[in-house]
Amino acid sequence: MTIHHDTRPTLNLIRLANGEGLDLPAYESKGAAGMDLRAAVDEAAPLTLLPGKRALVPTGFIFEIPEGFEGQVRPRSGLAFKNGITCLNSPGTVDSDYRGEVKVLLINLGDEPIVISRGMRIAQMVIASVTQTRVAEITAASETVRGAGGFGSTGV
Ligand SMILES: O=c1ccn([C@H]2C[C@H](O)[C@@H](COP(=O)(O)OP(=O)(O)OP(=O)(O)O)O2)c(=O)[nH]1
Ligand SMILES: [Mg+2]
């Protein structure tokens, strides 16, 4: 018999009062890169996002992102394609030392009002490793073939 240990890092979640009864953020397929985040808006008061308007939508959870990682809050392509809903600050950055509620900054770039109801899967979070560097000021940059060429310098 083979015993498979789950070697993935643990993401601790703290459920807030407004997250009561919501499904945990979850990977919706075996190989999904992101876990879907749900809207913790009031059941009795769904949020209507008018065209061109933005809203900070609560998720109902505090995420303890493990040290050395970040949470990237990204749009869902279906909502973007069908309704023009995206994350304004995409990808949103959740720092590993953040202990507030994770929120999603949605904007309606479509031309119809969209109703965000409780439990709706509004965005996804990818946990990605990050490297912090030491910052050092120097007086001259090292030489490379590219040099200062950028922004299309190699052609289109
Ligand atoms: O989509 C997002 C983006 C950020 N945050 C939270 C977690 C993150 O750790 C914190 C700060 O985010 P960021 O550094 O992007 O914003 P800032 O404008 O630089 O704020 P601060 O001065 O608090 O760092 O806000 C979210 O909940 N959702
Ligand atoms: Mg910041």
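In listed order, ligands and their atoms are each counted from 1.
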Requested in this report: Among all protein heavy atoms, pick the one closest to atom 7 (C) of ligand 1 and tell me residue, atom and distance.
Outcome: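 So the nearest neighbour among protein heavy atoms is Y98 CD2, 3.3 Å.
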Query raised in the report: Should D95 be counted as touching ligand 1, given the test is an N or O pair under 3.5 Å?
Result: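 In this structure, D95 places an N or O atom under 3.5 Å from an N or O of ligand 1.
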With the side chain counted from C-beta on, respond yes when [X] and [Y] share a heavy-atom pair under 4.5 Å apart, and no when they do not.
X: K53; Y: T48; result: no
X: L50; Y: N108; result: no
X: L11; Y: I65; result: yes

Protein contact for [atom] (heavy atom, distance under 4.0 Å):
atom: atom 9 (O) of ligand 1; answer: yes
atom: atom 1 (O) of ligand 1; answer: yes
atom: atom 12 (O) of ligand 1; answer: yes

**Report entry** Element-labelled atoms of ligand 1 that are located less than 4.0 Å from some non-hydrogen atom of N89
**Finding:**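 Under 4.0 Å from N89, ligand 1 has these atoms: 1 (O), 2 (C), 3 (C).
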**Report entry** Contact atoms of ligand 1, heavy-atom distance to G92 under 4.0 Å
**Finding:**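 This gives 1 (O) as the contact atoms.
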Query raised in the report: Taking atom 4 (C) of ligand 1 as the point of reference, which of L106, T93, V94, V102 owns the nearest heavy atom?
Result: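 Nearest option to atom 4 (C) of ligand 1, by heavy atoms: T93.
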Query raised in the report: Counting heavy atoms only, which of K103, R99, E70 is nearest atom 27 (O) of ligand 1?
Result: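 That would be K103.
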Donor-acceptor contacts, no H, no angles, side chain residues 122-143, under 3.5 Å, sequence neighbours left out:
{"residue": "Q124", "atom": "NE2", "partner": "P75", "partner atom": "O", "Å": "3.0"}

Report task. Answer yes or no for V104: is there a heavy-atom contact with ligand 1 below 4.0 Å? Result ->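 No, that is not the case, since the closest heavy atom of the residue is not under 4.0 Å from the ligand.
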Query raised in the report: Can you name the closest pair of heavy atoms from A32 and E28 and give their distance?
Result: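 Heavy-atom minimum between the residues: CB-N, 4.1 Å.
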Query raised in the report: If you take all heavy atoms of A40 and T59, which pair is closest and at what distance?
Result: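 That would be CB-C, 3.5 Å.
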Query raised in the report: Got more than 12 heavy atoms from elsewhere within 6.0 Å of CZ, F81?
Result: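 It does not: F81 CZ has 12 such atoms or fewer within range.
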**Report entry** With sequence neighbours excluded, residues passing side chain to side chain donor-acceptor pair (under 3.5 Å) with D36
**Finding:**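 Result, side chain to side chain donor-acceptor pair (under 3.5 Å) vs D36: R121.
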Report task. Check each heavy atom of L105 against ligand 1 and say whether those closer than 4.0 Å belong to the side chain, the backbone, both or neither. Result ->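 Answer for L105: neither.
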